[in-house]
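Quick notes on the structure that follows.
The analysis underlying the following values was restricted to heavy atoms, covering all of them including side chains, and did not include hydrogens, waters or symmetry mates.
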Amino acid sequence: MVSFTVVVGDPDSGSSYQLEAEEQDANRFIGKSIGEEVDGGAVGLDGYTLEITGGSDEAGRPLNPDVAGANLKEVLMNERQTGYKPSRDGERRRITVRGREVSDAVAQINASVVDHGSTDIDTLLGDAEDADE
């Protein structure tokens with residue numbers, strides 16, 4: 001079974017929410033790439049639209065928007081990019097990254113709210129948290 005941790009950031013409020021997408025809901029993310037939009041109903045945010053902004057796999061390797069597909073690839077990085085921050089000018093390093101497409105090997109997906117629904121996010125998620133307590 002496929003499951004993801006989805007970290008949703010709300011640029012209007014500056015808040016972020018860590019949500020779980022499992023089984024059928026997680027399948028809505030499979031095959032999508034960085035920059036594509038997904039229905040927020042997959043993580044309990046009905047009426048919201050989310051844009052995939054990044055993520056990482058089980059080993060912590062980041063999704064790289066410059067690498068096509070979902071496979072691992074070694075990329076020579078020579079400037080600050082996703083997954084690499086050089087410590088001095090001119091430094092280069094070969095880093096293993098995962099492609100921009102979401103697959104079952106991805107453990108975490110980062111997303112941003114693009115379109116807001118009629119109900120506030122805190123209200124949608126607050127009811128679920130109160131039921132667990």
Minimal non-hydrogen separation, [X] against [Y], with atom names:
| X | Y | result |
| --- | --- | --- |
| K32 | E37 | NZ-O, 4.0 Å |
| S56 | L63 | N-CG, 4.2 Å |
| S112 | T53 | CB-CG2, 3.9 Å |
| G83 | I95 | O-CG2, 4.2 Å |

Transitive ILVMFWY side-chain link L45 to V102, under 4.5 Å: yes
Connected via hydrophobic side-chain network under 4.5 Å: V38 and Y17: yes
Rounded to the nearest 0.5 Å, how far apart are [atom1] of [X] and [atom2] of [Y]?
| X | Y | atom1 | atom2 | answer |
| --- | --- | --- | --- | --- |
| R100 | I34 | CZ | CD1 | 8.0 Å |
| S15 | I121 | OG | CD1 | 8.0 Å |
| S103 | I30 | OG | CD1 | 6.5 Å |
| Q81 | E79 | CD | CD | 5.5 Å |
| E51 | D115 | CD | CG | 10.5 Å |
| K85 | R80 | NZ | CZ | 5.5 Å |

Show me, pair by pair, the donor-acceptor contacts under 3.5 angstrom made by side chains of residues 64-75, not counting sequence neighbours?
{"residue": "N64", "atom": "OD1", "partner": "D66", "partner atom": "N", "Å": "2.8"}

Output yes when a side-chain donor or acceptor of [X] lies under 3.5 Å from a complementary backbone atom of [Y], and no otherwise.
| X | Y | answer |
| --- | --- | --- |
| E91 | S87 | yes |
| Y84 | R94 | no |
| D57 | R61 | yes |

Candidate pair L50 and V114, rule side-chain contact (heavy atoms from CB on, under 4.5 Å), full reasoning: CA-CA 5 Å; L50 307 175; V114 178; over 6 Å; no
Verdict with supporting geometry, Y48 and L124, side-chain contact (heavy atoms from CB on, under 4.5 Å): CA-CA 11 Å; Y48 283 77; L124 286 172; 3.7 Å; yes
Residues forming a side chain to side chain contact (heavy atoms under 4.5 Å, CB included) with D120, sequence neighbours excluded: D122, T123
Partners meeting ring-ring contact (aromatic ring centres under 6.0 Å, His included) with F29 (sequence neighbours left out): none
More than 12 heavy atoms of other groups within 6.0 Å of E58 CD: yes
Verdict with reasoning, T5 to E20, per side-chain contact (heavy atoms from CB on, under 4.5 Å): CA-CA 5 Å; T5 299; E20 293 293 325; 3.2 Å; yes
V7 and I109, any side-chain heavy atoms less than 4.5 Å apart: no
E23/V2 under side-chain contact (heavy atoms from CB on, under 4.5 Å): CA gap, chis, key distance, verdict: CA-CA 5 Å; E23 299 178 13; V2 178; over 6 Å; no
